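A quick write-up on the structure given underneath.
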Protein chains: 2
Amino acid sequence: MRVATQGQAESAPRIPLSRDRVLRAAVKVADEHGISALTMRRLAEELGAEAMSLYYHVAKKDEVLDGIVDLVVREINDVVDRLEVSAEGHGWKKAVRQRILSAREVFLRHRWAPAVMETRSTTSPAVLRYYDGLLGLMLRGGLSHDLAHHALHALGSRALGFSQELFDPGGGAADEKAVAEVAKMAGHLPNLAGMLGAIAHDDPDSTPGWCDDQAEFEFGLDLLLDGLERLRDAKWSSRRK
Amino acid sequence: MRVATQGQAESAPRIPLSRDRVLRAAVKVADEHGISALTMRRLAEELGAEAMSLYYHVAKKDEVLDGIVDLVVREINDVVDRLEVSAEGHGWKKAVRQRILSAREVFLRHRWAPAVMETRSTTSPAVLRYYDGLLGLMLRGGLSHDLAHHALHALGSRALGFSQELFDPGGGAADEKAVAEVAKMAGHLPNLAGMLGAIAHDDPDSTPGWCDDQAEFEFGLDLLLDGLERLRDAKWSSRRK
DNA sequence: ACCTGAACACCGTTCAAGT
DNA sequence: ACCTGAACACCGTTCAAGT
């Protein structure tokens with residue numbers, strides 16, 4: 001029998017489609033079922049419409065992909081706008097670090113986003129705004145324009161909170177698989193096998209499930225930030241031709 | 001009229017298919033026409049066969065993708081095996097640097113490879129062998145197992161010679177486009193606009209076509225390597241819990 | 001053992017047609 | 001103005017059938 005519920009599953013298809021609704025539904029599908037599930041037909045289904053209806057609100061699927069990347073980066077901007085940390089003097093490093101780690105948290109909620117981002121051929125305005133803010137922290141921290149410019153390149157995707165971990169591409173248990181592979185080929189991979197052994201010996205608790213992604217991300221990030229600070233203090237300036 | 005040529009275009013379809021021929025043809029198609037042109041049908045055409053014939057030599061398209069990544073990394077291993085640089089003492093940094101830049105050259109010949117590599121869920125043995133060699137240089141250079149382990153993570157894809165340049169995803173003139181975008185939105189992007197201005201002022205010759213990818217790659221790489229060396233000399237050891 | 005033709009399920013997208 | 005049904009070209013892949 002039908003009780004007086006908020007007719008969600010029963011009577012949904014009221015509200016009309018819109019570009020915004022399409023994009024939000026696309027993020028939802030990608031979050032819940034992975035980016036490969038994001039087809040125009042599946043997306044339409046999510047909205048209780050037909051695939052062809054989407055084309056009234058977006059020109060091509062590419063526009064959907066551009067749009068969901070934009071949504072994610074705007075989510076990042078919303079988060080970092082709320083941080084409000086001073087960036088004077090030595091504080092710049094802390095401020096940049098905090099901003100990047102906040103961005104990372106957003107990407108961890110949308111694990112498909114980095115890969116999609118890399119396929120886009122245009123840079124979204126939201127990305128430019130994010131970079132502008134990060135650059136501002138560096139400049140206020142005393143980095144020259146030139147050094148800050150190199151810094152953005154050196155950080156690469158790390159500036160936005162993600163990095164290419166070559167042993168975890170699928171996002172699954174690739175790490176364990178790689179470890180097993182090394183063990184099997186230990187004879188041909190003396191150094192990797194030795195490293196595994198040494199680490200297991202030093203820290204017997206460590207699951208051979210292995211690396212703490214967050215810790216490794218922060219290690220690399222700090223290595224770069226420390227290096228940049230040192231260059232700043234050495235009054236580093238561009239090697240001119 | 002038909003002259004006595006080496007019947008390449010005329011009488012090709014002699015030699016039988018094989019897994020190896022399939023993979024080499026796949027690399028050729030991707031190199032010449034981009035990864036999006038690499039369909040089973042197109043690949044078969046390249047080989048003078050039907051698409052369905054390929055399935056006798058490879059199980060799925062995924063196997064083709066795994067295979068061509070493997071071919072590229074083996075090309076890298078062939079190149080770096082020929083380098084033979086000592087890695088003792090302070091030489092380790094030079095050796096690692098040279099090896100990575102050599103790997104980079106190979107990727108520059110196969111620009112589709114980094115993106116494909118990231119989609120693979122299994123790590124090819126060739127990649128493990130490459131990492132083993134790089135790790136060996138670091139260990140011989142005096143880095144602890146633990147530091148060298150972090151080093152591999154920190155380098156990320158840079159260890160293999162590529163990095164995510166966020167302003168050049170499509171591989172085209174995305175840089176110029178981004179610069180134009182910044183100019184247009186200068187009011188909302190004060191720091192980026194200021195940086196562009198400052199750099200143009202310092203170096204009036206610089207095309208606003210802009211960044212030297214190779215130089216930026218090396219900047220980031222050196223920042224990391226210098227940082228690692230400093231940690232080694234500071235007798236850095238893992239922060240244990 | 002090696003290759004192929006027909007066929008299937010599934011894409012993105014067009015276009016004329018509905019309300 | 002907004003949505004849809006039928007249709008097209010193109011995927012990866014299966015399977016029974018050819019030599």
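As the structure is a computational prediction, the values presented were derived from the model and not from experiment. Every chain is numbered from 1, with letters handed out A, B, ... down the list of sequences.
One finds no salt bridge joining Asp81(A) and Arg99(A) here, because no Lys/Arg side-chain nitrogen approaches an Asp/Glu carboxylate oxygen to under 4.0 Å. By the 4.0 Å N-to-carboxylate-O rule, Asp62(B) lies close enough to Arg120(B) to be salt-bridged with it. Ion pairing between Asp78(B) and Arg74(B) fails under the 4.0 Å rule for side-chain N and carboxylate O.
A search for side-chain hydrogen bond (donor to acceptor under 3.5 Å, both in side chains) contacts involving His33(B) returns Arg42(B), not counting sequence neighbours. Remark: His110(B) pairs with Trp112(B) by the ring pair (Phe, Tyr, Trp, His ring centres under 6.0 Å) rule, at least two apart or across chains.
Arg42(B) has its CZ atom 20 Å from the C1' atom of dT13(D), to the nearest Å. Atom P of nucleotide dA9(D) and atom CZ of Arg41(B) are separated by 14 Å, given to the nearest angstrom. The distance from atom NE2 of His57(B) to atom P of dT13(D) is 17 Å, rounded to the nearest whole Å. In this structure, Ile35(A) atom CD1 and dC11(C) atom P are separated by 14 Å, rounded to whole Å. In this structure, Met40(B) atom CE and dC3(C) atom P are separated by 14 Å, rounded to whole Å. For the pair Ile15(A) CD1 and dC2(D) C1', the interatomic distance rounds to 15 Å; values are reported in whole Å. The CD atom of Glu45(A) sits 17 Å away from the C1' atom of dG12(C) (whole-angstrom rounding). Between Arg19(A) atom CZ and dC3(D) atom C1' the separation is 19 Å, expressed in whole Å.
By the 30° and 60° cut-offs, the orientation of the rings of His150(A) relative to Phe219(B) is parallel.
In terms of modelled atom types and a separation under 3.5 Å, the side chain of Arg97(A) and the main chain of Leu221(A) share no donor-acceptor contact.
The six-membered or imidazole ring of His149(A) lies away from that of His145(A), with a centre-to-centre distance of 6.0 Å or more.
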Tell me, what's DNA chain D's dot-bracket, Watson-Crick or G-U with both distances under 3.5 Å, | for other-strand, [ ] crossing? ||.|||||...|||||.||

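The distance from atom CZ of Arg109(A) to atom CD1 of Ile76(A), rounded to the nearest 0.5 Å, is 9.0 Å. Interatomic distance, Arg129(A) CZ to Leu192(B) CG, rounded to the nearest 0.5 Å: 12.0 Å. If you take CG on Leu225(B) and CG on Leu155(B), they are separated by 6.0 Å, rounding to the nearest 0.5 Å. Atom CE of residue Met117(A) and atom OG of residue Ser157(A) lie 9.5 Å apart, to the nearest 0.5 angstrom.
Relative to the six-membered ring of Phe217(B), Arg104(B) meets both conditions, a distance below 6.0 Å and an angle of at most 45° to the axis.
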Could you list the protein-to-nucleotides 16-19 of chain D atom pairs, N/O on both sides, closer than 3.5 Å?
none

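Heavy-atom distances under 4.0 Å link DNA chain D to Ala49(A), Glu50(A), Met52(A), Ser53(A), Tyr56(A) of residues 49-56 of chain A, given in residue order. For DNA chain C, no neighbouring residue in residues 58-66 of chain B is found when judged by any heavy atom under 4.0 Å.
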